[in-house]
Amino acid sequence: MRLLQGATLFTSLLVCLPPCVRMARVFVYGTLKKGQPNNFRMFDQAKGDAEFLGSARTVEKYPLVIAGEYNIPFLLNIPGEGQRVRGELYRVDSRMLAFLDAFESVPTMYQRTLVKLEVEEWRGGKDGEETPSTGSITEAFVYNTATYKPDWPSLPNYESYDSHGDHGLEYVTREARD
């Protein structure tokens, strides 16, 4: 009887220990948005799963600047300065989140932090999940930087990023870099 109870417990543990796929929300404001040079990376199944949920903007103001020799958009971690930044919300699995961390060079170039967002449009959500309404506040991870050159806070800042915008600072893709 004792062996049987142990075997039953062991079997129960096996049933209760499947690979855990945790989902997280990520707010993207730059080259990962729809229509931008790196958006395709959000849907590379080899890297993980991502689902577009909708559009939002930061509750607090932040400077969104374009800097460096490759014209990279950076969200500077200076709350209260800049503009309320517009972007897109995605739900990603743990594999995609790990890929994004590596892609964004966490922690050397960017850091991943939580940010409060005002929902502008919601398209995602599954039965039984929270479905935020327009104007409601939600949270998501964002990739921002607290390490930047001294002149970056004085650069022009933007409410919304577009690689082909009027700023004339087209993003240089990783594949096109020397």
Side-chain angles (χ1 to χ4, degrees), residues 23-79 81-106 109-125 131-132 134-146 148 152 155-177:
M23 302 299 278
R25 288 184 185 165
V26 175
F27 176 70
V28 299
Y29 55 83
T31 66
L32 291 167
K33 293 189 317 183
K34 289 181 179 180
Q36 299 304 310
N38 287 315
N39 181 252
F40 73 95
R41 297 177 195 279
M42 298 295 291
F43 301 101
D44 182 348
Q45 292 288 310
K47 307 284 193 262
D49 292 321
E51 175 191 2
F52 175 75
L53 296 175
S55 59
R57 67 183 189 160
T58 59
V59 169
E60 286 194 78
K61 294 178 179 181
Y62 292 92
L64 171 57
V65 301
I66 302 169
E69 65 180 309
Y70 303 122
N71 298 323
I72 298 172
F74 289 95
L75 187 69
L76 306 184
N77 192 3
I78 309 174
E81 293 188 24
Q83 301 188 43
R84 293 184 63 198
V85 176
R86 287 193 151 85
E88 298 172 349
L89 272 168
Y90 289 83
R91 179 182 7 249
V92 300
D93 67 7
S94 55
R95 288 185 324 130
M96 179 60 75
L97 190 61
F99 165 75
L100 291 172
D101 282 354
F103 180 76
E104 300 290 7
S105 301
V106 172
M109 182 184 267
Y110 289 95
Q111 60 192 1
R112 177 168 41 97
T113 60
L114 279 174
V115 66
K116 289 189 185 302
L117 303 164
E118 179 184 348
V119 174
E120 293 187 319
E121 179 184 15
W122 190 262
R123 292 190 185 170
T131 304
T134 300
S136 66
I137 305 301
T138 191
E139 284 188 328
F141 286 120
V142 67
Y143 293 93
N144 61 31
T145 187
Y148 45 83
W152 286 12
L155 292 173
N157 64 77
Y158 303 91
E159 176 184 48
S160 183
Y161 173 80
D162 184 347
S163 179
H164 305 288
D166 293 340
H167 48 69
L169 300 169
E170 187 171 343
Y171 173 77
V172 178
T173 65
R174 290 178 181 209
E175 296 77 14
R177 297 175 192 172

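Leu117 places a side-chain heavy atom less than 4.5 Å from the side chain of Thr58. In this structure, Thr31 and Pro73 have side chains that are in contact, with non-hydrogen atoms separated by less than 4.5 Å. Taking 4.5 Å as the limit, every side-chain heavy atom of Phe74 sits out of range of all side-chain heavy atoms of Leu155. Counting heavy atoms from C-beta on, the side chains of Trp122 and Leu89 come closer than 4.5 Å. Looking at Phe141 and Thr113, their side chains never come closer than 4.5 Å, going by heavy atoms from C-beta outward. Side-chain contact between Tyr90 and Leu32 is absent, with no heavy atoms from C-beta onward closer than 4.5 Å. Contact annotation: the side chain of Asp162 never approaches that of Lys33 to less than 4.5 Å [non-hydrogen atoms, C-beta and beyond]. At a threshold of 4.5 Å between non-hydrogen side-chain atoms, the residues Trp152 and Ile78 do not count as touching.
Annotation for Gly48 and Met96: closest pair O-CE, 3.7 Å, computed over non-hydrogen atoms. Across all their heavy atoms, Ala50 and Val92 have their closest contact at CB-CG1, 3.9 Å. Residues Gln36 and Gly30 share a closest heavy-atom pair of CG-O, 3.5 Å.
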Review point. Going through the distances and angles, do Asn38 and Phe103 end up as a side-chain contact (heavy atoms from CB on, under 4.5 Å)?
Key: CA-CA 10 Å; Asn38 287 315; Phe103 180 76; 3.6 Å; yes

Review point. Please walk me through it: do Leu76 and Tyr62 pass side-chain contact (heavy atoms from CB on, under 4.5 Å)?
Key: CA-CA 6 Å; Leu76 306 184; Tyr62 292 92; over 6 Å; no

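For the atom pair Arg95 CZ and Lys47 NZ, the distance stands at 10.0 Å (nearest 0.5 Å). Interatomic distance, Phe43 CZ to Lys34 NZ, rounded to the nearest 0.5 Å: 7.0 Å. Between Glu51 atom CD and Met23 atom CE the span is 7.0 Å, to the nearest 0.5 Å. For the atom pair Glu88 CD and Arg123 CZ, the distance stands at 9.0 Å (nearest 0.5 Å). In this structure, Gln111 CD and Ser105 OG are separated by 13.5 Å, a value rounded to the nearest 0.5 Å. In this structure, the separation between CD on Glu121 and CG on Leu53 is 11.5 Å, given to the nearest 0.5 Å.
Of the possible polar contacts, one joining the Gln83 side chain to the Asn157 backbone as a donor-acceptor pair under 3.5 Å is found. Using a distance-only test at 3.5 Å, with no hydrogens or angles considered, a donor-acceptor pair links the side chain of Thr145 to the main chain of Met109. Of the possible polar contacts, none joining the His167 side chain to the Tyr161 backbone as a donor-acceptor pair under 3.5 Å is found. Proximity of a side-chain donor or acceptor of Arg57 to a complementary backbone N or O of Ser160 within less than 3.5 Å is not detected.
For the residue pair Asp101/Tyr143, the side-chain donor-acceptor check at 3.5 Å is satisfied.
Judged by the 6.0 Å and 45° rule, Arg177 forms a cation-pi pair with Tyr70.
The one candidate from Val142, Leu100, Asn144, Leu97 that meets the side-chain contact (heavy atoms from CB on, under 4.5 Å) condition with Arg112 is Leu97.
Of the charged side-chain nitrogens involved, at least one lies within less than 4.0 Å of a carboxylate oxygen, so that Arg41 and Glu175 count as a salt-bridged pair. The residues Arg86 and Glu120 are annotated as salt-bridged, a charged nitrogen and a carboxylate oxygen being separated by less than 4.0 angstrom.
For Lys116, the side-chain hydrogen bond (donor to acceptor under 3.5 Å, both in side chains) partners two or more places apart in sequence, or in a different chain, are Glu139.
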